[in-house]
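Notes for the one structure printed next.
FYI, side chains are in, hydrogens and waters are out, and symmetry mates aren't considered; it's all heavy atoms of this structure. Below, read A as the first sequence line, B as the second, and so on, with proteins coming before strands; counting in each chain starts at 1. What you see is a predicted model; the values in this text were computed from it and never measured.
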Number of protein chains: 2
Amino acid sequence: MLKFSEGGGDGLDAVFHALSDPRRRAILTRLCEGPASVSVLAAPLGVSLPAVVQHLAVLEDAGVITSIKVGRVRTCTLAPNALRAAEAWLSARRLPQERRLDRLEALLSTESHEREPS
Amino acid sequence: MLKFSEGGGDGLDAVFHALSDPRRRAILTRLCEGPASVSVLAAPLGVSLPAVVQHLAVLEDAGVITSIKVGRVRTCTLAPNALRAAEAWLSARRLPQERRLDRLEALLSTESHEREPS
DNA sequence: ACAATACTTAAGTACATGCTTAAGTTTTCG
DNA sequence: CGAAAACTTAAGCATGTACTTAAGTATTGT
């Protein structure tokens, strides 16, 4: 049913798909400033609320945002390390000539998230 | 007709859409090792040639690869800086707490791109 | 209680995507 | 020339996407 259900793959399909829509990127950009409710997120987008709710579902299914409902308000938050996997994939696929910095970044990143076994 | 025609936006739609398919990512991964023909790219994918040609069109429309036909062989190549825009967008959308390394990376990158080491 | 608020669900539409098979089109080789 | 190789185009199909309007469900303020 769900095409990007995290089941078989590594979630990259879902993350990149989530990022491929300008409204969803706008939502993420807004969430960088801090958590926000559904209607606050919807306001600048110029589409109906249900459309926004669908976009949020795509983002949440991809693990890029989280949300909780308190009372009648659902508050959405950018997931920590949400885009890390996508960024890592991109870094690894630079041309050799562009790749010099990646080792440094990888080394530094090791300190901040769960240590990758080498 | 074309949804991602580079016309109105900045191309991020097209790039992220291109990356959202595992076969297209496999193609890019293969192209990191060097240019390849359509049938070489098709071989490990387990789908028909026309399907692969369509994937290549998506990648080329997104500006991620280039291709030229010589004789009856089309050779595809990873576009230089192809994924830079996507990576930049991602870096800019990290949480503040994760953003410490970005300044360093940005600084170092300034010295290295647009400058081929000879 | 009543109504406004803030979603949420449902149904439906138009178009895009990813795939297939079948039938071209060029080249290139014997 | 004639056939094989390497695409290329065309047509069609099943599913997915993004949106809409309309109706429903909780919560909250008066």
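A:L19 places its CG atom 16 Å from the C1' atom of D:dT17, with the value rounded to the nearest Å. Atom pair A:L45:CG and D:dT20:P shows a separation of 11 Å (rounding to whole Å applied). Taking atom CG of A:L41 as the reference point, atom C1' of C:dA6 lies 13 Å away to the nearest angstrom. Note: CG (B:D13) to P (C:dC15) measures 19 Å, nearest angstrom.
In this pair, A:F16 and B:F16 present their aromatic rings parallel. The plane angle is below 30°, not in the 30 to 60° band.
Looking at B:R93, its side chain never comes within 3.5 Å of a backbone N or O of A:T29 through a donor-acceptor pair. B:N81 places no side-chain N or O within donor-acceptor distance of the main-chain N or O of B:R84, the cut-off being under 3.5 Å.
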Check nucleotides 19-28 of chain C against the protein and report each pair of N or O atoms closer than 3.5 Å, with its distance, or say if there are none.
from	atom 1	to	atom 2	distance (Å)
C:dC19	OP1	B:R23	NE	2.6
C:dC19	OP1	B:R23	NH2	2.7
C:dC19	OP2	B:H55	NE2	2.2
C:dC19	N4	B:Q54	OE1	3.4
C:dC19	N4	B:Q54	NE2	3.1
C:dT20	OP2	B:S48	N	2.9
C:dT20	OP2	B:S48	OG	2.6
C:dT27	O2	B:R72	NH1	3.4

Kindly indicate, with the supporting measurements, whether the criterion side chain to side chain contact (heavy atoms under 4.5 Å, CB included) is fulfilled by A:R24 and A:H17. CA-CA 10 Å; A:R24 287 194 289 265; A:H17 169 66; 3.7 Å; yes
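Not counting sequence neighbours, the partners of B:A51 by the side-chain contact (heavy atoms from CB on, under 4.5 Å) test are B:V47, B:S48.
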Tabulate below the donor-acceptor pairs under 3.5 Å that side-chain atoms of residues 31-39 of chain B make, not counting sequence neighbours, or state none.
from	atom 1	to	atom 2	distance (Å)
B:S37	OG	B:V40	N	3.2

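The side chain of B:H17 contributes an N or O atom lying less than 4.0 Å from OP1 or OP2 of C:dT17.
Annotation: of the two residues near DNA chain D, A:V58 and B:S37, the 5′-most nearest-nucleotide partner is B:S37.
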